[in-house]
Amino acid sequence: MTKKMYITTPIYYVNSVPHLGHAYTTIACDILARHYRQQGVDIRFLTGTDEHGANIEKSAAAKGVSPKAWTDEVSAKYRELWKTLNISYDAFIRTTDPAHEHVVQAIFEKLLQSGDIYLGSYSGKYCVSCEQYYDESEMLPGGICPVHKKPLTEVHEETYFFKLSRYEKPLLKYYEEHPEFLSPKYRANEIINFVKSGLRDLSVTRTKVKWGVPVKSNPAHTIYVWFDALINYISAAGAGMFLCEGDKAEHQEKLALIKAEKFEDLWPADLHMVGKEIFRFHTVIWPAVLMALGLPLPKKVFAHGWWTVEGNKMSKTLGNVIDPAKLSAEYGVDPVRAFLFREVPFGQDGDFSMTSFKNRYNADLANNIGNLLSRTLNMLAKQQPQIPADIILPAEIQQKTNETESAINKAYEELAFDKVLEQIYGYSADLNKKVADTKPWELVKTDPEAAKAILLELIGCQRYVAKWMTPFMPTIGAEMSKRLEAGTIEKYAPLFPRIADK
Ligand code: MSP
């Protein structure tokens with residue numbers, strides 16, 4: 001059996017256009033995918049759009065178009081942005097794909113048969129924007145949504161429940177036996193305490209929401225958008241085993257969105273990357289559903305933090321939403337990708353400001369990596385026009401390089417992207433220091449062989465820098481590697497033209 005590494009982003013709601021926050025989760029997965037591919041790991045990377053539910057129905061109505069037309073339009077915007085940001089996903093799922101909808105329906109019927117889903121009725125406080133019920137302990141005083149700060153709506157309806165309460169103990173046992181599952185560690189306690197405080201069965205259908213997957217055996221109900229959405233991770237991986245025979249013939253083929261031989265070659269996922277506000281859905285509801293289905297659980301769910309902008313929440317009303325495509329058009333895609341992961345320890349919240357973007361660009365990219373490359377190439381060109389293929393590094397330099405590479409690989413395992421970049425920038429800064437200390441432009445006058453040896457060493461070391469930067473900067477990393485390859489040194493434009501201080 002050839003199990004592939006399988007990682008996912010959340011699937012994005014199509015009720016608004018994508019912004020920097022969405023791009024963050026996706027770029028993180030892209031960096032990981034590119035790193036592991038570089039390591040020779042067979043990895044598959046899934047993303048997509050979450051297209052059902054009352055909010056999306058409402059957004060479409062506000063635009064005066066059908067939900068289908070609306071979801072087509074916004075889902076396409078996501079794909080466009082991913083193209084702009086150079087996201088190398090293997091598959092893109094839409095929850096309105098009929099093949100996915102059939103799996104959702106089939107899973108629902110299976111859980112109905114096993115008694116994990118049952119019909120009941122519900123009354124409670126619901127937030128239409130979150131598409132979620134809140135109980136007393138979670139809402140703000142006066143029945144206010146803790147996220148949207150708007151009054152919750154009192155809802156009474158007949159609904160199907162998922163027997164989440166059944167999985168309280170098995171979940172706690174799983175967390176204990178698989179400490180990696182709840183990542184980063186500092187977010188684990190919140191989930192463990194939540195489960196320990198007692199799980200209530202979860203309402204998983206709506207009678208008032210029309211834009212959703214209908215329950216096959218009772219189409220007056222549509223399936224709760226989160227229940228539908230989470231299943232994307234297995235339906236895209238080809239989980240057709242739940243389909244009835246007739247549906248199998250029609251949909252099984254279309255399910256295997258990801259070009260892998262079998263569902264078992266992908267599932268369980270190695271990583272679900274999510275933002276902190278949807279950690280609970282992925283670490284409580286989702287594993288319980290998988291347990292009910294008898295499927296293995298994902299190995300890790302990692303929750304990253306949130307970006308604010310100059311101290312404020314990113315919001316349409318505040319007009320401070322950062323458009324990653326615009327930012328990239330001005331400063332380049334690659335610098336934007338790298339900035340997001342150097343600025344903030346992955347997992348924690350961060351604040352975006354143009355000042356820190358420009359400062360880091362100039363310090364880490366223009367003055368450190370970019371300057372080093374142009375200096376070394378210019379100095380070497382004065383001595384010899386060619387770069388040789390093989391450059392053997394002195395033993396102690398090779399050892400330091402190997403140690404840096406090990407530290408980088410370890411940081412990747414911890415999803416500590418900031419530490420990966422810290423290692424690379426630190427290594428490159430040491431090379432710059434070497435130039436300053438040894439002054440090859442002066443040394444060449446007295447000992448040209450020694451000067452040349454230093455320059456070649458610097459070239460050899462930068463080949464590593466280029467390779468390490470490539471997951472973050474796919475285009476510029478490749479360009480760096482090209483400039484450092486064996487061959488004639490040419491006149492090159494700077495990789496990172498300095499951003500002028502206005
Ligand atoms: N549709 C659900 C996920 C279903 S997964 C089965 C959803 N979609 S979302 O579009 O609202 O959010 C997608 C991702 O974007 C989440 O991981 C979320 O944390 C991330 N971000 C949205 N705004 C963000 C910031 N301002 N900062 C960082 N990430 C944030 O939730």
Side-chain angles (χ1 to χ4, degrees), residues 7-30 46-56 59 71 74-75 77-78 81-82 85 87 92-96 100 103-104 107 127 129-132 147-148 187 204 212-213 223-237 269 271-287 289-290 298 301-318 320-324 339-341 343-353 415 417:
I7 67 171
T8 67
T9 73
I11 47 172
Y12 294 88
Y13 283 132
V14 295
N15 58 348
S16 61
V17 290
H19 60 57
L20 191 78
H22 307 119
Y24 189 51
T25 322
T26 307
I27 299 172
C29 285
D30 188 58
L46 173 74
T47 189
T49 41
D50 189 353
E51 305 191 0
H52 291 124
N55 275 325
I56 286 154
S59 306
T71 55
V74 185
S75 179
K77 285 217 168 89
Y78 271 95
L81 179 64
W82 301 154
L85 297 179
I87 305 298
F92 189 100
I93 185 167
R94 301 181 57 185
T95 53
T96 50
H100 166 79
V103 173
V104 172
I107 284 179
C127 172
S129 299
C130 296
E131 316 220 35
Q132 189 185 333
V147 178
H148 294 90
R187 294 199 193 276
V204 286
V213 180
I223 295 171
Y224 175 43
V225 57
W226 267 101
F227 191 84
D228 159 10
L230 287 161
I231 290 172
N232 94 85
Y233 300 129
I234 55 173
S235 71
L271 171 70
H272 292 316
M273 182 78 86
V274 300
K276 62 178 183 180
E277 85 288 8
I278 57 174
F279 195 43
R280 203 191 273 182
F281 288 98
H282 283 81
T283 54
V284 180
I285 301 175
W286 179 226
V289 170
L290 289 167
V301 182
F302 187 101
H304 65 67
W306 267 56
W307 282 94
T308 49
V309 179
E310 322 259 354
N312 295 307
K313 191 176 178 236
M314 227 184 286
S315 86
K316 260 191 273 181
T317 356
L318 285 176
N320 65 349
V321 173
I322 303 274
D323 176 355
F339 170 78
L340 293 175
F341 295 93
E343 180 70 355
V344 177
F346 197 62
Q348 288 167 28
D349 292 339
D351 187 50
F352 184 91
S353 81
L415 299 174
F417 298 105

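Whatever order the structure lists them in is the order used to number ligands and atoms, beginning at 1. The first residue of the sequence shown is numbered 1, and numbering continues consecutively from there. Keep in mind that this is a model prediction, so the values were computed, not measured.
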> Judged by non-hydrogen atoms, does H19 sit under 4.0 Å from ligand 1?
Replying inline: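 Right, H19 reaches ligand 1.
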> Is the closest heavy atom of F281 to ligand 1 under 4.0 Å?
Replying inline: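 No; F281 lies far enough from ligand 1 that no heavy-atom distance drops under 4.0 Å.
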[atom] - nearest protein heavy atom and its distance:
{"atom": "atom 12 (O) of ligand 1", "value": "H22 CD2, 4.0 Å"}
{"atom": "atom 27 (N) of ligand 1", "value": "W307 N, 2.9 Å"}
{"atom": "atom 5 (S) of ligand 1", "value": "Y233 OH, 3.4 Å"}
{"atom": "atom 3 (C) of ligand 1", "value": "I11 O, 3.2 Å"}
{"atom": "atom 24 (C) of ligand 1", "value": "G21 CA, 3.5 Å"}
{"atom": "atom 16 (C) of ligand 1", "value": "E277 OE2, 3.8 Å"}
{"atom": "atom 14 (C) of ligand 1", "value": "Y12 CE2, 3.5 Å"}
{"atom": "atom 10 (O) of ligand 1", "value": "Y13 N, 3.2 Å"}

> Hey, does R94 have a side-chain heavy atom less than 4.5 Å from the side chain of T49?
Replying inline: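 T49 reaches R94 side chain to side chain.
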> Tell me, do I87 and I27 make a side-chain contact under 4.5 Å, heavy atoms counted?
Replying inline: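 Yes; the side chains approach each other to less than 4.5 Å.
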>> Using the rule ring-ring contact (aromatic ring centres under 6.0 Å, His included), only one of Y12, Y13, F92 pairs with Y78; which is it?
In response: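 Answer after filtering Y12, Y13, F92: Y12.
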> Which residues satisfy the ring pair (Phe, Tyr, Trp, His ring centres under 6.0 Å) test with F281, sequence neighbours excluded?
Replying inline: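 Applying ring pair (Phe, Tyr, Trp, His ring centres under 6.0 Å) to F281 gives W226.
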Exam field: side chain [X] to backbone [Y], donor-acceptor pair closer than 3.5 Å:
{"X": "N15", "Y": "I56", "answer": "no"}
{"X": "D351", "Y": "G311", "answer": "yes"}
{"X": "H100", "Y": "D228", "answer": "yes"}

> Among I285, N55, D50, whose heavy atom sits nearest atom 1 (N) of ligand 1?
Replying inline: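 The option holding the nearest heavy atom is D50.
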> Taking the minimum heavy-atom distance to atom 28 (C) of ligand 1, which of G305, G275, S315 ranks first?
Replying inline: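 It is G305 that holds the nearest heavy atom.
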> What heavy-atom pair brings Y233 and I11 nearest, and what distance separates the two atoms?
Replying inline: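 Heavy atoms only, the tightest pair is OH-N, 4.5 Å.
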Give the atoms of ligand 1, by number and element, whose distance to some non-hydrogen atom of [X] is under 4.0 Å.
{"X": "H282", "value": "5 (S), 6 (C)"}
{"X": "A229", "value": "6 (C)"}
{"X": "T25", "value": "14 (C), 15 (O), 17 (O), 20 (C)"}

> Who passes salt bridge (charged side-chain N to carboxylate O under 4.0 Å, His left out) against R280, sequence neighbours left out?
Replying inline: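 R280 satisfies salt bridge (charged side-chain N to carboxylate O under 4.0 Å, His left out) with E138 only.
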>> Students often mix this up, so state it plainly: with edges at 30° and 60°, are the rings of H304 and F346 parallel, tilted or perpendicular?
In response: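 Tilted: the ring planes of H304 and F346 meet at 30° to 60°.
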